[in-house]
Amino acid sequence: MTSVSDAPAIDYDAFHHEVDEFARTQCPPALRERVRSNAKLGREDYAAWQRILHARGWAAPGWPKSFGGTGWDMRQRYLFESVMAQRDCPPQYHHGLGHIGPVMLHFGTPEQHRRFLPGILDGSDWWCQGYSEPGAGSDLASLKTRAARDGDHYVVTGQKMWTSHAHEADWMYTLVRTNAEGRKQEGITLLLIPLSLPGIRIQPIRTIDAWHHVNEVFLDEVRVPVDNRLGDEGGGWRCAKFLLDRERLAPAIVVRLQRLLEQVGEQVQAQAARPGGQALAGVFAERLLLAEAEVRAARELLLSAIDDEMNGRLRASKSSALKLHCSELAQRIIAIAFDALGARRAARFVPVADDGRLEVAEDAESNMIHNYLFYRSRTIAGGTSEVQKNVIARELFGS
Ligand SMILES: Cc1cc2nc3c(=O)[nH]c(=O)nc-3n(C[C@H](O)[C@H](O)[C@H](O)COP(=O)(O)OP(=O)(O)OC[C@H]3O[C@@H](n4cnc5c(N)ncnc54)[C@H](O)[C@@H]3O)c2cc1C
């Protein structure tokens, strides 16, 4: 019998070299350029890269081998993500691989595994998250979208809010209320809803950055087969918690911050090289250095969380601290780029058209402005900063 200690030791240096070689040679130059210039990636960009990773057997760095994943440990995942960020390869689309996929592995039936996992792995199925509603964001358990059982179907009626990528997605994993009695958490069920079903309407929400990310999704008597339920009826809250607890420990976020900081540093240098811009490098040096120290702190926090995770002792307060630190740091880093461009120059990238729409050109500088504006949402999406602070306080002080 093979014990854990009999397993061959992982040569992390060789692994790093192998991933680097792959990233350097396999990412299509046009895609790499889009990532390097911080363009908004669409479904086709993500899917193209996912197909390449899938062909290499690296479709799912966070999944066990038995389900088509790589079986890598957290250190390998961290190295993989670091290389991907440094080589300007696209991040992997997270709603399938990082969010609902692991929930399916844990709570799904073998039939559901056969049905849903291949499309996530090869990038042909695109998922979005239907959790939040008007009046149910931080207090998610208050959600009201109801699902009434009718034979082999649930009939779903309600509204979802801030649904990222719904306009590009095939499926929405959706929390619905199947019981209005008792504790509100116990009446929640998780359904997998094809967005092509009759009765679904998707309406864009315009955000200040002028890109289309989020939507409202209206459901009007949508008939969803009972087979599309993940977990037990009334067991949706357990699935939701399982997902949220893991969502916050994503190695990719820290390593992408490191890359962003390098790009912002380059942008400051470029501005300083313009006529009359010589003083800029000195003005921004302190902020860049401080951000560098904060990125290192994020890295230490992440590595410590990874260690805890590998030893089965990761606490929610640590992943919440990581989410809190990284989302606020991302805003501070991108603000350096914005300030270096200067308000007048930056304002040229966000002209308001006659109909009130923001129109912004597609180049590296204006992409930075888009991102500056979009990053305002980093401290809201995935749980607000105040909510993270509550999690930390509850665990540390028991309040
Ligand atoms: C860009 C973007 C993308 C998103 N994508 C998705 C998605 O794909 N799917 C999805 O389901 N949702 C998504 N969301 C929704 C997101 O999860 C919610 O916006 C978030 O949970 C906050 O909920 P809310 O907007 O209802 O604000 P509220 O919960 O109403 O909060 C309003 C304010 O009150 C504060 N507050 C609330 N409760 C407390 C408390 N107990 N203690 C202290 N302060 C509190 C909050 O911190 C916030 O400042 C997205 C949001 C954004 C901005």
Side-chain angles (χ1 to χ4, degrees), residues 40-41 43 46 91 93-101 103 126-145 156 158-177 184-185 188-193 195 200 202-219 230 236-237 239-248 250 253 316-317 319-320 323-324 326-328 330-331 334 358 370-395 397 399:
K40 181 178 186 300
L41 302 184
R43 176 171 175 162
Y46 287 108
Y93 180 71
H94 57 290
H95 274 298
L97 282 171
H99 289 182
I100 194 62
V103 182
W126 188 262
W127 291 79
C128 65
Q129 178 186 71
Y131 279 17
S132 306
E133 298 181 2
S138 304
D139 182 14
L140 187 58
S142 293
L143 63 92
K144 292 195 168 55
T145 293
V156 182
Q159 180 190 347
K160 292 294 167 180
M161 188 78 188
W162 308 116
T163 321
S164 303
H165 304 287
H167 55 295
E168 300 171 289
D170 307 297
W171 292 84
M172 178 167 74
Y173 55 97
T174 315
L175 290 177
V176 297
R177 182 157 298 289
K184 55 188 180 182
Q185 286 84 353
I188 293 174
T189 299
L190 183 56
L191 295 182
L192 309 175
I193 304 186
L195 287 169
I200 296 181
I202 298 169
Q203 188 164 299
I205 300 175
R206 186 164 298 147
T207 45
I208 53 169
D209 60 318
W211 277 336
H212 181 188
H213 310 268
V214 285
N215 307 272
E216 290 174 278
V217 180
F218 297 90
L219 303 114
L230 195 54
W237 191 250
C239 301
K241 286 278 296 165
F242 180 91
L243 189 157
L244 291 173
D245 289 346
R246 274 149 194 80
E247 180 179 357
R248 292 173 189 148
I253 293 170
S317 56
S319 22
S320 278
K323 196 297 181 176
L324 177 68
C326 288
S327 51
E328 296 190 347
Q331 292 177 345
I334 202 119
L358 295 169
H370 278 290
N371 280 303
Y372 168 78
L373 295 168
F374 182 60
Y375 277 25
R376 306 317 299 162
S377 68
R378 283 256 181 136
T379 45
I380 302 172
T384 68
S385 287
E386 290 76 14
V387 165
Q388 308 309 328
K389 286 175 186 166
N390 285 349
V391 173
I392 297 166
R394 251 197 312 274
E395 215 170 83
F397 309 119
S399 57

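For ligands, and for the atoms within them, numbers begin at 1 and follow the listed sequence.
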Exercise. Who passes side-chain hydrogen bond (donor to acceptor under 3.5 Å, both in side chains) against Asn215, sequence neighbours left out?
Worked result: His167, His212
Exercise. In this structure, are over 12 heavy atoms from other groups packed under 6.0 Å from Lys389 atom NZ?
Worked result: yes
For this session: List the steps, then state whether side-chain contact (heavy atoms from CB on, under 4.5 Å) holds for Leu219 with Met172.
Result: CA-CA 11 Å; Leu219 303 114; Met172 178 167 74; 4.2 Å; yes
For this session: Determine whether Lys40 and Phe374 make a side-chain contact, defined as any pair of heavy atoms from C-beta on separated by less than 4.5 Å.
Result: no
Exercise. Between His370 and Trp211, how do the two ring planes meet: parallel, tilted or perpendicular, split at 30° and 60°?
Worked result: parallel
Exercise. List by chain and number: which residues place a heavy atom under 4.0 Å from ligand 1?
Worked result: Gln129, Tyr131, Ser132, Gly137, Ser138, Trp162, Thr163, Ser164, Val214, Phe374, Ser377, Ile380, Ala381, Gly382, Thr384, Glu386, Asn390
Exercise. Between CD1 of Ile253 and CZ of Arg378, what distance do you get to the nearest 0.5 Å?
Worked result: 7.0 Å
